[in-house]
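One structure is given below, encoded as structure tokens.
Here is how names work: the chains are called A, B, and so on, in the same order as the sequence lines, proteins then strands, and each is numbered from 1.
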Number of protein chains: 2
Amino acid sequence: MAYDKENIRNVTIKDVAKRAEVSIATVSRILNGKDRVSPLLAERVLLAAKELQYQPNDVARALKIKESRSIGLIIPDIENPFFPALVRGVQDAAKIHNYAVILCNTDGKTDEEKKYIQFLYSKRVDGIAFTESVDNKKNIALLDSLGIPVVLLDRRVEGMKASGVSTDNRLGAFMATKHLIEKGKRRIAFISGSPKLSSGADRASGYQDALLHYSIQYDKKLAFIGAFTYESGYAAAENLLLSRHQFDAIFASNDIMAIGAIECLNKYGIRVPEDVAVVGFDDIRLATWYKPLLTTIRQPVYEMGQYAIKLLVEHITGERSSSYEKIFVPELMIRQSSGGLEESK
Amino acid sequence: MAYDKENIRNVTIKDVAKRAEVSIATVSRILNGKDRVSPLLAERVLLAAKELQYQPNDVARALKIKESRSIGLIIPDIENPFFPALVRGVQDAAKIHNYAVILCNTDGKTDEEKKYIQFLYSKRVDGIAFTESVDNKKNIALLDSLGIPVVLLDRRVEGMKASGVSTDNRLGAFMATKHLIEKGKRRIAFISGSPKLSSGADRASGYQDALLHYSIQYDKKLAFIGAFTYESGYAAAENLLLSRHQFDAIFASNDIMAIGAIECLNKYGIRVPEDVAVVGFDDIRLATWYKPLLTTIRQPVYEMGQYAIKLLVEHITGERSSSYEKIFVPELMIRQSSGGLEESK
DNA sequence: TTGAAAGCGCTAACAG
DNA sequence: CTGTTAGCGCTTTCAA
């Protein structure tokens, strides 16, 4: 037999009503505190509720009012150091509004995303915060068709009705590249994240913008496609070395790729920043623990998570009807891996 | 007005029944596939369901069968590098059994814990996985009284009916200290985690066990109380230095405290491992990215998360009735911060 | 094998 | 201001 559901304490509104000698409607009113009720009855009901240790049953409530007070949060992988702060921001904001957050890791797999979307819909979540992993029209269409409020995190998706929150990736990449150029670098290699994601593509654009702006020839041989993972950063650096193309700096599309690249360079006896300057993106906590301290572009990840929920809740409550795109501005964090502050060379 | 709940697609079992020209009971049976039904009707119902894009409403189901297919996961802070792997293990295991996991961060605050426990109970979660932060009899009693299956993660709590999963912290601390002793160290400082937590207290015991075993005098002046945070590791090292007591090694109760300590030592010009050897605990991912690579005691965190849910589900389904204590065995990971493999001195 | 009907615990008309 | 009552969408007896 399953765990005992006919529990010691399964006290309902009905029990409270009986004890307080009122109707269940009155109990409901008092507990929800919206309609006016006489203080006398209120007192009696509250007392009865306390004596019986009454705890409302939210699932019944959810069924009745069609509002589960829960939201889904879909991300690729909480073990990726980028996400904990995001998740924390989401959770803290959700708590304020009394929403439960259901966490889903998809590993960036399209079919996992789809499964979770349906799963969350079955649970009748009031909204979904979604970090799409690969540009997938189908899941976006699915999400749209469900008629649940959605906010897109970190990654823009074209043609969706949903609101979104992200950082200006293009600007960030521009700043990173500009910084390297100002350090006197001219042969700046680039390791891209997944170019199918807006964050990946936008950072690539920013890199090119900066080269163009400073009249530096874009050299395709210095551009590598990674996948936002440590391994892909390492591999890109290795390919770069083996290709024997000259370079004096690397801009990696996120911090763990930057670290992967540095590890690889070190293995080949190349020093960072003395021989090659490296800049990452995101400013994960590790960036200040790693040696050399990582120069990087900071995204306000926690705030992004918070803002996403703020937006989502506004959509859920109907305070906001049309979609809105919140774009945070990135910040350059100059540390050791790019040679620090001094204007070298 | 709130978000449109009278949605385009709010198709219920009733709609399906009408379209397939059967009763709702039949639809329910077919969809749940337990009772026998004629293949003819089954086909008709399935077709209708697909045509209408029917998606079951789990909240109605939950109300009826008193089973929400969701579990609560209470941790101090997802931003603490120890937890992402734990959470991922929990989530992956929960997915297999089709449970939603509701994430709660308490920052180790007792009253937050209490709030979340009640919150989760209102949501009628089927079980709770709980990483208790400070030894608090009240919340434990509350959890017990709720009659919800509970499994304790990482930290043992005396006198609770719940099952638990943890690592043998005492053994791990013994191994760490032993390793330092075998490296020739005799003045081994210790930075404790919160001694109110079993994990904190057990690691302290293991440290003392090892000293005793090797007939090294325990010196209270070398023992510091931290709080499992980077800052407390840094502070402990600083106090140690300022106290001017001699020491040749530090065993910190977790990796981020170890890193905090090393950062502090470095700031004072003391080299690790040349001047002082350092060992941590947990083997978070950062341990292999930090320089020097951190010697530490590995806990199989992901597996612990998985196992916790396995246990929790067994309790929920009634497969397991009495509580069970799963204890994983730790593993010594020898890296640079303790001077590596060679038997120095 | 199938259908009718009761009811999970709650909210919200509606009537008084 | 308070009570009666009708469901929310589903599962599950109980009869047929």
How about A:K95: does its NZ atom have over 12 heavy atoms from other parts shown lying under 6.0 Å from it?
->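 Buried by this count: over 12 neighbours within 6.0 Å.
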Over 12 non-hydrogen atoms of neighbours within 6.0 angstrom of CD in B:Q118 |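 Above 12, so yes.
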Using a heavy-atom cut-off of under 4.0 Å over every strand shown, decide if B:L41 touches base, sugar-phosphate, or nothing.
-> sugar-phosphate
For B:V22, answer base if it contacts any base atom (sugar-phosphate contacts may also be present), sugar-phosphate if it contacts only those atoms, and nothing otherwise; contact means non-hydrogen atoms under 4.0 Å.
->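 Here B:V22 touches the backbone only, sparing every base.
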Options [options], nucleotide nearest the side-chain atoms of [X]:
X: A:I24; options: C:dT1, C:dT11, C:dG9; value: C:dT11
X: A:Y54; options: D:dG3, C:dC10, D:dT11; value: C:dC10
X: B:T12; options: C:dT11, D:dC10, C:dG9; value: D:dC10
X: A:T26; options: D:dG9, D:dT5, D:dT2; value: D:dT2

Within this structure, what is the CZ-to-C1' distance between B:R44 and C:dT2, rounded to whole angstrom?
-> 12 Å
How long is the line joining CG of B:D15 and P of D:dG9, in whole Å?
-> 9 Å
Is a side-chain N or O of A:S68 found less than 3.5 angstrom from the main chain of A:R124, in a donor-acceptor match?
-> yes
For [X] and [N], is the shortest distance between a side-chain N/O and OP1 or OP2 below 4.0 Å?
X: B:N57; N: D:dC8; value: no
X: A:K64; N: C:dC8; value: no
X: A:S38; N: D:dC1; value: no
X: A:S23; N: D:dT4; value: no

Can you find a donor-acceptor pair, distance only, under 3.5 Å between B:R29 side chain and C:dG3 base?
-> yes
